[in-house]
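Let me begin by presenting the structure, written as C-alpha cells, before commenting on it.
Here is the naming used below: chain letters follow the sequence lines, and residue numbers restart at 1 for every chain.
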Amino acid sequence: MPELPEVEGVVRGLQPVVTGKLIKSVDVSPTIIHSKENGKEAIIKGADVESFQSALPGMAIVRIERRSKYIYFHLKNQDGESFLLVSHLGMSGAWFYVRSLDDIMEEKFKKHSHVTLHFDEDDMLVYADIRRFGELRLLETEADYPPLLLMAPEPFNKGALDHYLNMSLLPRYENKPIKEFIMDGHVVSGCGNIYATEALFNLRIHPARKVKRISKERKIQLFHEIVAVLLDSIENGGSTISDYRSINGGAGTMQHRLQMYSKKNCPICGKPTKQKTIAGRTSTYCGSCQK
DNA sequence: CACACTCCCCGGTTGC
DNA sequence: TGCAACCGGGGAGTG
Ligand SMILES: [Zn+2]
C-alpha cells in the first residue's frame with residue numbers, strides 16, 4: 001500500500017524520465033471504458049473517458065511533485081494554460097515508463113494496464129492498477145477538487161506540527177483512537193497503516209488510546225516520530241509490500257526495517273502481537289509494551 | 001452545523 | 001478444486 005514514502009519514490013523515479021514530455025495520445029483499457037459506461041467512477045474520476053482522452057493530447061508535463069499520497073503532474077497546453085493531472089495509487093496502482101506494454105514484466109500489472117499516455121510510438125507512461133482503487137483526475141487547479149485543499153500540510157513543512165496539535169483538540173477527534181487520528185489525511189499527510197503502526201510502536205503508545213488521553217508533550221513526540229519514520233522510509237526506497245511497486249516495478253527495502261507492522265511477535269518482549277480493527281483497518285501492536 | 005455511520009469501488013489471497 | 005469471505009484509502013451519502 002503506497003503511503004507517503006512510496007509515493008515520494010515514484011515521483012523521484014518519474015521526474016527525470018517524463019518531465020518535458022509532450023502527450024500525443026491517450027489509451028484507456030476496455031475494462032475501464034466498460035465500467036465507465038455502467039456509471040462507475042473507475043480510475044478516471046470526474047470526467048467521462050472521451051473528454052479525459054481528448055483533453056490531454058497537446059499538453060506537456062512541465063513538473064511533477066508529490067502532495068501527501070498524491071502525484072501532481074503539472075501540465076501546460078499549447079496555449080500556455082496550466083492544468084493538473086492528479087494521480088492517487090490507491091491500493092495497487094503503479095506507473096511504468098516503457099517502450100511498449102510488453103516491457104511491463106510482472107504479468108499482474110501488465111494485465112491491469114488501464115491508462116497509457118503516449119509520447120511517441122515507442123515512448124509511453126502506463127498506469128496499471130490491479131484493484132482499481134487508484135484515481136486520475138484532470139483539473140485546472142487544486143480548487144477544482146476541494147478535498148485536495150483540506151489535506152493536512154506536508155509533514156516536513158513548518159506549520160504541520162501546529163496543525164496536528166490544533167486538530168487534536170477538536171471535538172471530532174478527541175475521543176478517537178490515536179491511530180485513527182494520525183492516519184487521517186486531514187490531520188497528518190501521507191501517514192497510512194504501516195507508518196502509523198511503526199511510529200506508535202516506537203513510542204510504546206497503544207493504537208486504541210484516545211487522543212485526549214495523550215499529553216501535549218507526548219503528542220509532539222509522536223509527531224516527530226512519524227516524521228522520522230517517513231524520512232527513514234524515503235531513504236530506504238519505501239516499503240514494498242504486496243502490490244506496491246516503484247516506477248517500472250522497482251522495490252524498496254524499508255519492509256525489512258519495520259518493527260511491528262505485520263509482525264507475529266514483539267521485537268522487544270517476544271510475546272505474540274495483537275491485532276485489533278481500528279477505524280476499519282487491521283492494527284498490529286504489542287499488548288505488553290504499548291500503553 | 002457537527003458528527004457518526006454505512007456504503008462503495010476491486011481482485012488477489014485466505015480459509016473452509 | 002470451488003467458492004465465499006475478507007481487505008482497504010477516502011469520498012459520498014444518509015440520518
Ligand atoms: Zn512487547
Legend entry - Base versus backbone protein contacts along nucleotides 7-15 of chain C [heavy-atom cut-off under 4.0 Å; B, S, -]: -BBBS----
Legend entry - Centroid separation A:F96 to A:F109 less than 6.0 Å: yes
Legend entry - Under 4.0 angstrom between A:R172 side-chain N/O and B:dC3 OP1 or OP2: yes
Inset, instruction - Validate the cation-pi geometry between A:R66 and A:Y70: distance from NZ or CZ to the six-membered ring centre under 6.0 Å, angle to the ring axis within 45°. - result: no
Inset, instruction - Kindly determine whether A:Y195 and A:S233 satisfy side-chain hydrogen bond (donor to acceptor under 3.5 Å, both in side chains), including the steps that lead there. - result: CA-CA 9 Å; A:Y195 303 109; A:S233 182; 2.7 Å; yes
Inset, instruction - Could you tell me whether the phosphate oxygens of B:dC10, OP1 or OP2, come under 4.0 Å of any side-chain nitrogen or oxygen in A:K111? - result: no
Legend entry - Counterpart residues, side chain to side chain donor-acceptor pair (under 3.5 Å), relative to A:E217 (two or more places apart): none
Legend entry - Atom-pair distance (CG on A:N38; P on B:dC9), nearest Å: 11 Å
Legend entry - Under-4.0 Å side-chain N/O to phosphate OP1/OP2 contact, A:K40 with B:dC10: yes
Legend entry - Charged N-O contact under 4.0 Å between A:K36 and A:D48: no
Inset, instruction - Examine A:R137 relative to A:Y145 and say whether NZ or CZ is less than 6.0 Å from the centre of the six-membered ring and inside a 45° cone about the ring axis. - result: yes
Legend entry - Whichever of A:H112 and A:P171 has its nearest DNA chain B nucleotide further upstream toward 5': A:P171
Inset, instruction - Go through the steps for A:N166 and A:D162 under the test side-chain hydrogen bond (donor to acceptor under 3.5 Å, both in side chains), then give the verdict. - result: CA-CA 6 Å; A:N166 291 336; A:D162 283 343; over 6 Å; no
Inset, instruction - Rounded off to whole Å, could you give me the CD-to-P distance for the A:E174 and B:dA2 pair? - result: 15 Å
Legend entry - Phosphate OP1/OP2 of B:dA4 contacted by A:K176 side-chain N/O (<4.0 Å): yes
Legend entry - A:L200 to A:K179 - nearest heavy-atom pair and separation: CD1-CB, 3.7 Å
Between the protein and nucleotides 1-4 of chain C, list the N/O to N/O atom pairs that are separated by less than 3.5 angstrom.
none

Inset, instruction - May I ask you to check whether A:Y261 and A:F201 place their ring centers less than 6.0 Å from one another? - result: no
Legend entry - Rounded interatomic separation in angstrom, taking CZ from A:F109 and C1' from B:dG12: 11 Å
Inset, instruction - Between A:K108 and A:A42, name the one whose nearest nucleotide on DNA chain B is closer to the 5' end. - result: A:A42
